[in-house]
2 protein chains.
Amino acid sequence: MARTAGSHSEITGPRVLQAALTLFARHGFAAVSMRQIAAEVGVQAGALYNYTPDKQTLLFDLMRTHMEGLLEAWEAEKSDGDATERLRRFTRFHITYHLERPDEVFISYMELRNLTPENFREIEALRRKYETELEKILRDGLAEGVFNVPDPRVVTMAVIAMVTGVTTWYRTAGRLSVEAVQDIYWQMVQRAVSA
Amino acid sequence: MARTAGSHSEITGPRVLQAALTLFARHGFAAVSMRQIAAEVGVQAGALYNYTPDKQTLLFDLMRTHMEGLLEAWEAEKSDGDATERLRRFTRFHITYHLERPDEVFISYMELRNLTPENFREIEALRRKYETELEKILRDGLAEGVFNVPDPRVVTMAVIAMVTGVTTWYRTAGRLSVEAVQDIYWQMVQRAVSA
DNA sequence: GTCTATAAAAAGATAGAC
DNA sequence: GTCTATCTTTTTATAGAC
């Protein structure tokens with residue numbers, strides 16, 4: 001569509017973030033220019049600076065929003081059952097949430113290097129907070145005697161790496177439903193930690 | 001040291017690759033300039049083109065060399081025992097090999113997007129070949145009745161994601177030896193797939 | 001709020017002297 | 001084989017008209 005000058009603040013703002021998200025995920029932060037983002041939105045490059053002070057802030061906002069959304073969603077989802085039930089819920093939640101947001105997940109893992117040191121620390125703190133949620137479940141299950149994990153911190157990292165890995169190969173058009181994938185991973189997680 | 005013009009072909013060539021490896025791993029392919037690589041080597045930017053036709057080839061050569069080295073090392077390491085022993089060996093090999101080459105592993109996972117389509121296909125074929133080594137072990141163990149995996153392909157991806165994940169958190173100066181890490185991961189892998 | 005135009009810096013790659 | 005110099009393009013970001 002042919003575009004002319006005008007005010008579209010409420011529409012353009014989210015579209016800038018969406019375009020940045022898609023392009024950063026596909027080509028990488030450093031490989032994407034502000035002109036490419038502008039072209040995707042349908043404005044000129046200069047207009048982007050009405051919505052972000054610079055390119056770095058665009059990346060940081062995307063990552064912070066993702067991590068905060070993840071933590072909020074988990075807070076809403078987690079329950080008070082026994083450790084096994086909590087672990088089952090974490091595993092299934094993690095898979096669903098990540099499969100539904102492939103671009104956000106991708107940049108949040110791949111573009112950490114491109115954050116300024118201050119921004120990096122803030123994102124890392126959020127990630128650490130999320131990891132600690134799983135670690136607490138493992139430690140509680142250990143105390144209850146239902147889990148047998150030699151090193152809760154290491155097992156936390158191993159489980160998160162495993163379940164996050166679905167995002168690298170899962171395709172919606174493939175042969176498996178999300179539920180089938182959740183079942184397979186839950187079986188592995190459960191066996192890996194059970195006493 | 002002050003440098004002057006001269007011939008150093010056999011020395012400079014490997015140094016260019018080493019500098020590119022280190023810088024790509026630290027900052028990302030797209031974020032590193034040929035001038036930065038040259039500065040790290042201690043030559044001028046123009047001199048790099050005696051060793052590579054372009055920046056893309058530099059990345060591709062690093063990734064191909066890594067993947068070929070991984071496959072060769074596994075060929076030398078793998079054994080003919082039963083499926084459990086082969087899986088144990090794969091797990092321990094994978095962890096050691098990857099922990100010894102953090103930079104190579106990092107770019108081989110993170111910079112796939114920055115390969116040209118032809119180069120990408122070649123690297124993907126090598127990666128797929130490596131994954132198939134694990135998948136064969138799982139299928140053999142399934143046939144032998146010693147493993148219980150609902151979906152060998154999915155379990156392959158899950159196990160590889162889990163063990164590769166050590167590279168994101170392991171630090172040589174940390175509290176755990178490589179052997180201790182291997183033990184923890186092997187216990188988890190074994191339990192996750194055992195009948 | 002968006003445009004056009006541009007500043008200022010940096011990029012990949014090449015030419016030719018030594 | 002390396003240097004200096006340069007071509008050409010592209011980059012982030014800003015200024016000012018509308």
Side-chain angles (χ1 to χ4, degrees), chain A residues 1-21 23-24 26-62 107 111 113-119, chain B residues 1-24 26-63 107 111 113-119:
Chain A
M1 65 178 179
R3 296 198 74 271
T4 54
S7 292
H8 303 281
S9 175
E10 286 154 29
I11 293 182
T12 306
R15 272 165 57 75
V16 169
L17 284 170
Q18 179 59 51
L21 173 65
L23 290 170
F24 290 168
R26 188 139 59 216
H27 307 291
F29 172 77
V32 172
S33 70
M34 294 297 269
R35 280 172 181 79
Q36 281 177 274
I37 298 170
E40 182 83 8
V41 174
V43 297
Q44 293 300 311
L48 296 180
Y49 293 88
N50 290 312
Y51 302 97
T52 182
D54 50 34
K55 195 182 166 192
Q56 166 71 204
T57 304
L58 222 39
L59 176 63
F60 176 61
D61 285 346
L62 288 171
I107 69 161
E111 302 298 350
R113 294 176 298 192
N114 287 306
L115 291 172
T116 61
E118 316 91 88
N119 288 345
Chain B
M1 65 176 180
R3 295 196 78 270
T4 54
S7 292
H8 302 281
S9 174
E10 286 154 29
I11 293 182
T12 305
R15 272 165 58 74
V16 169
L17 284 170
Q18 180 59 52
L21 173 66
T22 305
L23 289 169
F24 289 167
R26 188 139 59 218
H27 307 292
F29 172 76
V32 172
S33 70
M34 294 297 271
R35 281 171 179 80
Q36 280 177 272
I37 297 170
E40 182 83 9
V41 174
V43 297
Q44 293 300 311
L48 296 180
Y49 293 88
N50 290 313
Y51 302 97
T52 181
D54 50 35
K55 196 182 166 192
Q56 166 71 205
T57 304
L58 221 39
L59 176 63
F60 176 61
D61 285 346
L62 288 171
M63 292 176 73
I107 69 161
E111 302 298 351
R113 296 176 296 191
N114 287 307
L115 291 172
T116 61
E118 316 91 86
N119 288 345

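Lettering of chains follows the sequences in order, A, B, ..., and the numbering in each one begins at 1.
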Whole angstroms only, please: what is the [atom1]-[atom2] distance between [X] and [N]?
X: B:Leu48; N: D:dT2; atom1: CG; atom2: P; answer: 9 Å
X: A:Arg15; N: C:dT2; atom1: CZ; atom2: P; answer: 10 Å
X: B:His8; N: D:dC3; atom1: NE2; atom2: C1'; answer: 12 Å
X: B:Gln44; N: D:dT6; atom1: CD; atom2: P; answer: 14 Å

Under the side-chain hydrogen bond (donor to acceptor under 3.5 Å, both in side chains) test, residues paired with [X] that sit two or more places apart:
X: A:Gln56; result: A:Asn119
X: B:Asp54; result: B:Thr57
X: A:Glu40; result: none

Original post:
Which pair of heavy atoms, one from B:Leu62 and one from B:Leu17, lies closest together, and at what distance?
Top reply: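 Result for this residue pair: CD2-O, 3.6 Å.
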From the list [options], which nucleotide is the closest neighbour of the side chain of [X]?
X: A:Asn50; options: D:dT2, C:dG1, C:dG12; result: C:dG1
X: B:Ala47; options: D:dT2, C:dA13, C:dT2; result: D:dT2
X: A:Tyr49; options: C:dG12, C:dT4, D:dT14; result: D:dT14
X: A:Asp54; options: D:dT2, D:dT4, D:dA13; result: D:dA13

Subject >> Selection: residues 30-37 of chain B, any non-hydrogen atom under 4.0 Å of DNA chain D >> reply: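 Listed by number, they are B:Arg35.
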Original post:
Should A:Thr12 be listed as having a side-chain N or O under 4.0 Å from OP1 or OP2 of C:dG1?
Top reply: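 Indeed not, no polar side-chain atom of A:Thr12 lies that close.
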Original post:
Quick one: on DNA chain D, does A:Gly46 or B:Tyr51 contact a more 5' nucleotide (nearest heavy atom)?
Top reply: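 The residue whose closest nucleotide sits nearer the 5' end is B:Tyr51.
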Subject >> Partner residues of B:Arg113 under the salt bridge (Lys or Arg N to Asp or Glu O under 4.0 Å) criterion, sequence neighbours left out >> reply: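 By the salt bridge (Lys or Arg N to Asp or Glu O under 4.0 Å) rule, B:Arg113 matches A:Glu111.
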Original post:
Mind checking what makes side-chain contact (heavy atoms from CB on, under 4.5 Å) contact with B:Ala45, not counting sequence neighbours?
Top reply: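 Testing B:Ala45 for side-chain contact (heavy atoms from CB on, under 4.5 Å), a comparison that skips the adjacent residues, returns B:Arg35, B:Ala38.
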